[in-house]
Amino acid sequence: MQPSPRLLPFLALLGMLGLPAAARAANPIITDAFTADPAPLVVGDTVYLYAGQDEAPNDRHAGYVMNRWLCYSTKDMKTWKPEGTPLTPAAFKWARGDAWASQVIERNGKFYWYAAVEHDQSHRGKAIGVAVSDSPTGPFVDARGSALVTNDMTTATKISWDDIDPSVWIDDDGQAWLFWGNQKCYYAKLKANMTELDSPISVIPDEQLHAFTEAPWIHKRGKLYYLSYATGFPEKLAYSTATKITGPWTPQGLLSEGAFNSNTIHQGIITFKGVDYFFYHTGGMQHNSKVGGGSSFRRAVCVDYLHYNRDGTIQRVQLTSEGTDLPPAKSRR
Ligand code: CA
C-alpha cells in the first residue's frame with residue numbers, strides 16, 4: 001500500500017534520521033513478536049494490551065504454537081512498551097498448555113485474567129482459568145487452583161474446544177458477566193469475587209447471532225449492549241446488539257471483513273480518551289530475513305478506529321495499514 005500524501009513528509013524525515021520507514025508503519029502495532037487474540041484494557045491514562053504469542057515455525061501448516069501471553073502498554077496509542085510475560089499456562093497447575101485467547105478486567109484494584117487453556121486428563125478439552133494480580137502487568141497467579149469452566153460443564157456442542165475465548169463485562173449495577181464459546185456462545189454471571197460462576201450457564205440461541213464461530217467480545221455503550229464475534233470460516237467479524245445483557249440479541253451484520261493472510265480474526269473494543277478503537281490480528285507481519293513473515297499461525301496485532309452511528313449501530317471497520325497514523329473520523333454521536 002502506498003503511504004498517503006500527508007505521511008510523505010513524515011516518512012522522508014524518518015529516512016533522514018536513518019530509521020526504516022516500514023518499522024514505523026502503524027499496523028501491525030506489535031512487531032517484536034508474533035501476537036494474536038488482542039485484549040485491550042484501559043486503566044486510567046494507559047491502555048494495556050494482552051495477547052498470546054504465536055511461536056509457530058515459518059511453515060504454513062505448522063498449527064498453533066502458543067506458550068505464553070505478552071503484555072504491552074501505551075499512553076498515546078502509538079508507542080507500545082513491552083511489559084513482558086505476566087502469565088503463562090504453567091501458572092494453572094491443572095492445565096497442559098496452550099495460551100489461547102484471554103481478557104483482563106479490573107475490579108476493586110485487582111486485575112482478573114480469564115484465559116483459555118488446554119486442561120489435563122481430568123477434564124479433557126479446552127477450559128477457562130482465572131488468574132489474579134494487584135498490577136495490570138503482573139505477576140498473575142491462579143485465583144482458584146482449578147478451572148472456572150471445564151469442557152464437561154457445557155454440552156450444547158460435542159466439540160472439546162467450545163469453552164474458549166472468554167470475555168468479561170462488569171455492568172453498571174456491579175454484576176459481572178462472562179461470555180465465551182466456539183460454535184455456541186455461552187454466558188453466565190460471575191460472583192463479586194470474580195472467581196466463581198453465580199448462575200447456570202446459558203446458551204445464546206443461534207438465530208440471535210450471525211453464524212457464530214468464536215471470539216465473543218462483550219461491551220456496552222450508553223444503554224446498548226454489543227456482542228461482537230467471529231463469523232464463518234475463514235472468519236469475518238459480525239455483531240449483535242441488545243437492550244439487556246441477557247438478550248434477546250439482534251444480529252446487526254458484519255463488523256469487519258476477514259483479516260489479511262489469516263483465517264482467524266479476533267477483536268477487542270475500547271474507548272480511550274474519547275476515541276473508539278478496534279483491535280484485531282492479521283497474518284500481515286511483513287517478511288524479514290530472520291524469522292520470515294506472517295501467516296494464520298504467525299499473527300500480528302493491529303488497531304484501527306471504530307465509529308458508531310447515531311442510532312448505535314457500528315460502521316464497518318476499515319482494516320488499514322496506516323491505523324492510528326490516520327486522523328480519527330468523527331463518530332456520528
Ligand atoms: Ca463444552
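Counting convention: from 1, in listed order, for ligands and their atoms alike. Given the structure is predicted, the values throughout are model-derived calculations rather than measurements. All heavy atoms count here, side chains included; hydrogens, waters and symmetry mates do not.
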**OP:** Check which protein N, O or S atoms are less than 3.0 Å from the Ca ion (ligand 1) and report how many there are.
**Re:** 7
Subject >> Ring centres under 6.0 angstrom apart (Tyr50, Phe111) >> reply: no
Original post:
How is the hydrophobic cluster of Val149 composed, in terms of its other members, when Ile, Leu, Val, Met, Phe, Trp and Tyr link through side-chain heavy atoms under 4.5 Å apart, directly or indirectly?
Top reply: Ile105, Tyr112, Tyr114, Ile128, Val130, Val132, Val141, Leu148, Met153, Val168, Ile170, Leu178, Trp180, Tyr186, Leu190, Met194, Leu197, Ile201, Val203
**OP:** Applying side-chain contact (heavy atoms from CB on, under 4.5 Å), name anything that partners Asn182, two or more places apart in sequence or on another chain.
**Re:** Ile159, Trp161, Ile164, Glu214
**OP:** Kindly check if the number of other-residue, nucleotide or ligand heavy atoms within 6.0 Å of NZ (Lys81) is above 12?
**Re:** no
**OP:** Kindly write out the residues that satisfy salt bridge (Lys or Arg N to Asp or Glu O under 4.0 Å) with Asp54, not counting sequence neighbours, or none if the list is empty.
**Re:** Arg299
Original post:
How about Arg316: does its CZ atom have over 12 heavy atoms from other parts shown lying under 6.0 Å from it?
Top reply: yes
